Asker: 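Quick one: structure below, then a few questions.
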Amino acid sequence: MTTRARTITVSWPQANARRLDRQFLSDGAPSDGHATQDVAGTVATMLGAHAQVLSAAELSVGLRAPGTTRTDVRAALWTDRTLTKTFGPRGTVHLLPAGELPMWTGALSALPRGSSPFPQHARMTPEQVEAVVAAVADALTGAELTIDELSEEVIARTGPWAGDLVMPGFQAMWPRWRQVLHLAGHRGALCYAANRGRKATYTNPGTVPMPAGEATAELVRRYLRAYGPATPGHFAQWLAAPRGWAGQLFEDLAGDGVIEEVLFEECGAAWVAAGDTLFPSKAPRGVRLLPYFDAFTIASRPRERLFPGAAYERALAGGQAGNFPVLLVDGTVAGVWHQRRSGRRISVTVEPLGPLDARRTRALEEQVAGLGEVMEGNPELTVGKVSVGAHA
């Protein structure tokens with residue numbers, strides 16, 4: 001049963017239940033009727049899978065699409081090419097649907113660039129930035145290059161200044177041009193190719209970005225369908241964009257009838273996609289395991305409602321979500337977990353914040369079995385010592 005009104009007030013349980021539905025994290029089909037759970041369709045619904053650690057992205061996708069394994073995700077990425085690994089929201093590495101790259105690059109390349117965080121001697125002029133992005137695009141067209149090979153090509157096409165070792169890296173200094181690597185991804189000039197041995201490689205996906213206005217409007221609409229109701233501030237945090245820019249964008253889209261305002265518990269005025277005002281009438285139920293930097297835990301706001309009480313201290317790192325794999329019980333974070341793999345054996349240890357009854361323990365066992373299917377291993381569950389707090 002759902003409720004709908006012309007002007008509505010949305011409670012946290014309603015918003016949370018709908019987000020879980022639309023993320024394929026509840027028992028029912030998504031409430032907007034889109035039940036596509038192939039690999040690319042699942043990643044599209046998530047608005048990208050964080051892939052700095054690829055195994056976490058594989059698990060995020062597989063746990064949402066029953067029957068999907070990590071091999072299926074890799075095939076979609078490197079064989080079928082329905083997924084692309086590139087720089088997405090917040091400038092971090094994501095898996096994105098290849099068919100949606102025009103929207104993503106159009107929107108991400110439209111983000112205002114703030115002041116440089118680097119020391120004056122390390123910075124690049126706007127002209128140098130454009131020269132490097134053009135050089136990256138040219139060097140990677142029809143080629144797959146490691147970062148060192150790409151660096152040689154960029155410096156040859158721009159000048160020695162691009163190779164100045166002024167960027168702090170991992171136990172070394174990196175060349176100046178590396179500070180705009182993610183920007184080249186946002187512009188559609190670069191994405192990841194399959195590893196060459198243990199070395200990452202890059203290529204040019206040949207993407208033509210969608211016009212900025214069209215792309216940002218579509219991204220906001222998609223974001224609100226997945227994670228709304230949300231405020232411009234929520235959107236800005238999710239995208240790592242200036243709040244003022246996001247506020248003006250929402251104001252313009254409201255004027256164009258793309259989004260509409262609702263009242264959201266504890267947030268006041270918030271927004272949904274126009275006409276998208278159906279919400280479940282029941283609070284979420286069930287048990288789920290989510291890996292590092294899962295899209296749901298990153299995007300859901302207000303964060304203190306998703307991480308109530310002791311969960312805010314135990315499962316966040318200074319307020320930042322994603323640093324711990326989490327246990328969800330009835331739609332809120334109720335513990336953390338970790339795994340250790342040796343061959344096909346996967347040791348899964350779950351540390352709940354409160355005792356789990358027999359029903360929830362059985363549901364947890366089912367989640368661990370599903371994790372084993374995704375990761376193509378034999379999981380063994382250990383429920384660790386209950387931490388602080390209690391879960392009713």
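Since we're looking at a predicted model, the values are computed, not measured.
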Asker: Check for me whether R18 meets the cation-pi criterion with F279, that is, NZ or CZ under 6.0 Å from the six-membered ring centre and within 45 degrees of the ring axis.
Answerer: yes
Asker: Testing the 3.5 Å rule here: is there a donor-acceptor pair between the side chains of Y292 and Q52?
Answerer: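 On atom types as modelled, these side chains do not qualify, holding no pair under 3.5 Å.
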Asker: Is a side-chain donor or acceptor of S151 paired with a backbone partner of I147 at a separation under 3.5 angstrom?
Answerer: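 Judged by distance alone, no pair lies under 3.5 Å.
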Asker: I'd like to know if R74 pairs up with E58 as an ion pair, taking the criterion as any Lys NZ or Arg NE/NH1/NH2 lying under 4.0 Å from an Asp or Glu carboxylate oxygen.
Answerer: yes
Asker: Closer than 3.5 angstrom, by distance alone: can the side chain of T84 be matched with the main-chain N or O of R81 as a donor-acceptor pair?
Answerer: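 Checked: no pair found.
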Asker: Which label fits F235 and F250: parallel for a plane angle under 30°, tilted from 30 to 60°, or perpendicular past 60°?
Answerer: tilted
Asker: Checking R301 against Y227: charged group under 6.0 Å from the ring centre and within 45 degrees of the axis?
Answerer: no
Asker: Test side chain to side chain contact (heavy atoms under 4.5 Å, CB included) on H186 and T105 and set out the steps.
Answerer: CA-CA 5 Å; H186 285 178; T105 54; over 6 Å; no
Asker: Establish, yes or no, whether a centroid distance under 6.0 Å links the rings of Y192 and Y202.
Answerer: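 When the ring centroids of Y192 and Y202 are compared, they turn out to be within the sub-6.0 Å range.
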Asker: If two hydrophobic side chains count as joined below 4.5 Å and joins carry through other members, does L239 share a cluster with L183?
Answerer: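 As far as the 4.5 Å side-chain criterion goes, L183 and L239 are not connected within one cluster.
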Asker: Can you find a pair of side-chain heavy atoms, one from W177 and one from M167, that are under 4.5 Å apart?
Answerer: no
Asker: E265 and T9: side-chain donor and acceptor closer than 3.5 Å?
Answerer: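 No donor-acceptor contact under 3.5 Å links the two side chains.
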Asker: Taking all heavy atoms of L150 and all of A139, pick out the closest pair and write down the distance.
Answerer: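 Nearest heavy atoms, L150 then A139: CD1-CB, 4.0 Å.
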Asker: Is the shortest side-chain heavy-atom distance between R176 and W161 below 4.5 Å?
Answerer: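 Contact flag for R176/W161 side chains = yes.
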Asker: Closer than 3.5 angstrom, by distance alone: can the side chain of W337 be matched with the main-chain N or O of L290 as a donor-acceptor pair?
Answerer: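 Yes, the answer is positive, given that a donor and an acceptor are paired below the 3.5 Å cut-off.
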Asker: Under a 3.5 Å distance rule, please check whether S342 uses its side chain to pair with a backbone N or O of R345 as donor and acceptor.
Answerer: no
Asker: Is the backbone of A44 close enough, under 3.5 Å, to the side chain of R222 for a donor and an acceptor to pair up by distance?
Answerer: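 Yes; at least one donor-acceptor contact below 3.5 Å.
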Asker: Flag the pair T125 / Q128 as yes when at least one side-chain heavy-atom distance between them is below 4.5 Å, and no otherwise.
Answerer: yes
Asker: Between the side chain of N204 and the main-chain N/O of A137, is any donor-acceptor distance below 3.5 Å?
Answerer: yes
Asker: Apply side chain to side chain contact (heavy atoms under 4.5 Å, CB included) to I8 and F264, showing your working.
Answerer: CA-CA 9 Å; I8 66 169; F264 183 27; over 6 Å; no
Asker: Ignoring hydrogens, what is the shortest heavy-atom contact between P280 and D21? Give both atom names and the distance.
Answerer: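 Distance-wise, the nearest heavy atoms are CG-OD2, 3.7 Å.
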Asker: Evaluate salt bridge (Lys or Arg N to Asp or Glu O under 4.0 Å) for E152 paired with R157, printing each intermediate quantity in order.
Answerer: CA-CA 9 Å; E152 291 178 2; R157 285 169 166 78; over 6 Å; no
Asker: Is any side-chain heavy atom of R221 closer than 4.5 Å to one of I259?
Answerer: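 No; the side chains remain at least 4.5 Å from each other.
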Asker: Please check if the side chain of R64 supplies one atom and the backbone of Q23 the other of a donor-acceptor pair under 3.5 Å.
Answerer: yes
Asker: Testing the basics here: between T42 and A65, what is the closest heavy-atom pair and its distance to 0.1 Å?
Answerer: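 Scanning both residues, the minimum pair turns out to be OG1-CB, 3.7 Å.
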Asker: Just verifying a value: how many Å separate M124 CE and S116 OG, rounded to the nearest 0.5 Å?
Answerer: 9.5 Å
Asker: With the side chain counted from C-beta on, respond yes when V132 and V154 share a heavy-atom pair under 4.5 Å apart, and no when they do not.
Answerer: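 Yes. Closest side-chain heavy atoms under 4.5 Å.
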Asker: To the nearest 0.5 Å, what is the distance between CD1 (I298) and CE (M46)?
Answerer: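 The CE atom of M46 is 10.5 Å from CD1 of I298, to the nearest 0.5 Å.
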Asker: Please say yes or no: joined through hydrophobic side-chain contacts below 4.5 Å, possibly via intermediate residues, are V73 and W78 part of one cluster?
Answerer: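 Yes, it is one cluster - the side chains of V73 and W78 are joined through contacts under 4.5 Å.
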Asker: Linking I/L/V/M/F/W/Y whenever any side-chain heavy atoms sit under 4.5 Å apart, do M210 and L253 land together?
Answerer: yes
Asker: Are R113 and V129 close enough, and set up right, to give a side chain to side chain contact (heavy atoms under 4.5 Å, CB included), and what steps lead you there?
Answerer: CA-CA 11 Å; R113 295 193 69 213; V129 169; 3.7 Å; yes
Asker: Keeping the roles fixed (side chain from Q14, backbone from A283), state whether a donor-acceptor pair exists under 3.5 Å.
Answerer: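 Looks like no, no N/O pair under 3.5 Å.
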Asker: So, for P291 and A56, which heavy atoms are closest and what is the spacing to 0.1 Å?
Answerer: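 Scanning both residues completely, I find the closest heavy atoms to be CG-O, 3.5 Å.
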Asker: If Ile, Leu, Val, Met, Phe, Trp and Tyr residues are connected whenever their side-chain heavy atoms lie under 4.5 Å apart, and connections chain through other members, are L108 and V133 in the same group?
Answerer: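 As far as the 4.5 Å side-chain criterion goes, V133 and L108 are not connected within one cluster.
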Asker: Between E373 and R70 (salt bridge meaning N to carboxylate O under 4.0 Å), is one present in this structure?
Answerer: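 No, no charged N to carboxylate O under 4.0 Å.
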Asker: Do you know which two heavy atoms are closest between L306 and F296, and how far apart they sit?
Answerer: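 That would be CD1-CE2, 3.7 Å.
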Asker: Under the 3.5 angstrom rule, does the side chain of T203 hit a backbone N or O of A143 as a donor-acceptor pair?
Answerer: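 Such a contact is found between T203 side chain and A143 backbone.
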Asker: Do H50 and D294 pass the side chain to side chain contact (heavy atoms under 4.5 Å, CB included) test, and can you show the C-alpha distance, the side-chain angles, and the key distance before you say yes or no?
Answerer: CA-CA 7 Å; H50 190 284; D294 187 84; over 6 Å; no
Asker: Would a single hydrophobic cluster contain both L111 and F87, if residues Ile, Leu, Val, Met, Phe, Trp and Tyr are joined by side-chain heavy-atom contacts under 4.5 Å?
Answerer: no
Asker: Can you tell me how the ring of F170 sits relative to the ring of W174, calling it parallel under 30°, perpendicular over 60° and tilted otherwise?
Answerer: perpendicular
Asker: Do the side chains of R362 and E366 get close enough for a salt bridge, i.e. N-O under 4.0 angstrom?
Answerer: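 Result for this pair is no, no salt bridge flagged.
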Asker: Do P325 and V336 have side chains that approach each other closer than 4.5 Å (heavy atoms only, starting at C-beta)?
Answerer: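 Heavy-atom side-chain distance check fails, nothing below 4.5 Å.
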Asker: Counting only N and O atoms by type, is there a donor-acceptor contact under 3.5 Å from the side chain of E149 to the main-chain atoms of T146?
Answerer: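 Yes, E149 side chain to T146 backbone: donor-acceptor pair under 3.5 Å.
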Asker: In Å, rounded to the nearest 0.5 Å, how long is the span from CD of E100 to CG of L83?
Answerer: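 The CD atom of E100 sits 10.0 Å away from the CG atom of L83.
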Asker: If you look at every heavy atom in A217 and V258, which pair is closest and at what distance?
Answerer: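 Between these two residues, the closest heavy atoms are O-CG1, 4.4 Å.
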Asker: Which distance, rounded to the nearest 0.5 Å, do you find between the CZ of R340 and the OG1 of T382?
Answerer: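 R340 CZ to T382 OG1: 11.0 Å, rounded to 0.5 Å.
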Asker: Measure the spacing between OG1 of T231 and CZ of R243 and express it to the nearest 0.5 Å.
Answerer: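 One finds 7.0 Å between OG1 of T231 and CZ of R243.
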Asker: I need the Q339 CD to I346 CD1 distance, nearest 0.5 Å.
Answerer: 6.0 Å
Asker: Check whether the side chains of T69 and D72 place a donor and an acceptor atom closer than 3.5 Å, and report yes or no.
Answerer: yes
Asker: Are any of the side-chain heavy atoms of V93 and T86 separated by less than 4.5 Å?
Answerer: no
Asker: Less than 4.5 Å apart, side chain to side chain, heavy atoms only: is that true for L289 and L327?
Answerer: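 Yes - at least one pair of side-chain heavy atoms lies under 4.5 Å apart.
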Asker: Would you call D276 and R22 a salt bridge, using N to O less than 4.0 angstrom?
Answerer: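 So D276 pairs with R22 through a salt bridge.
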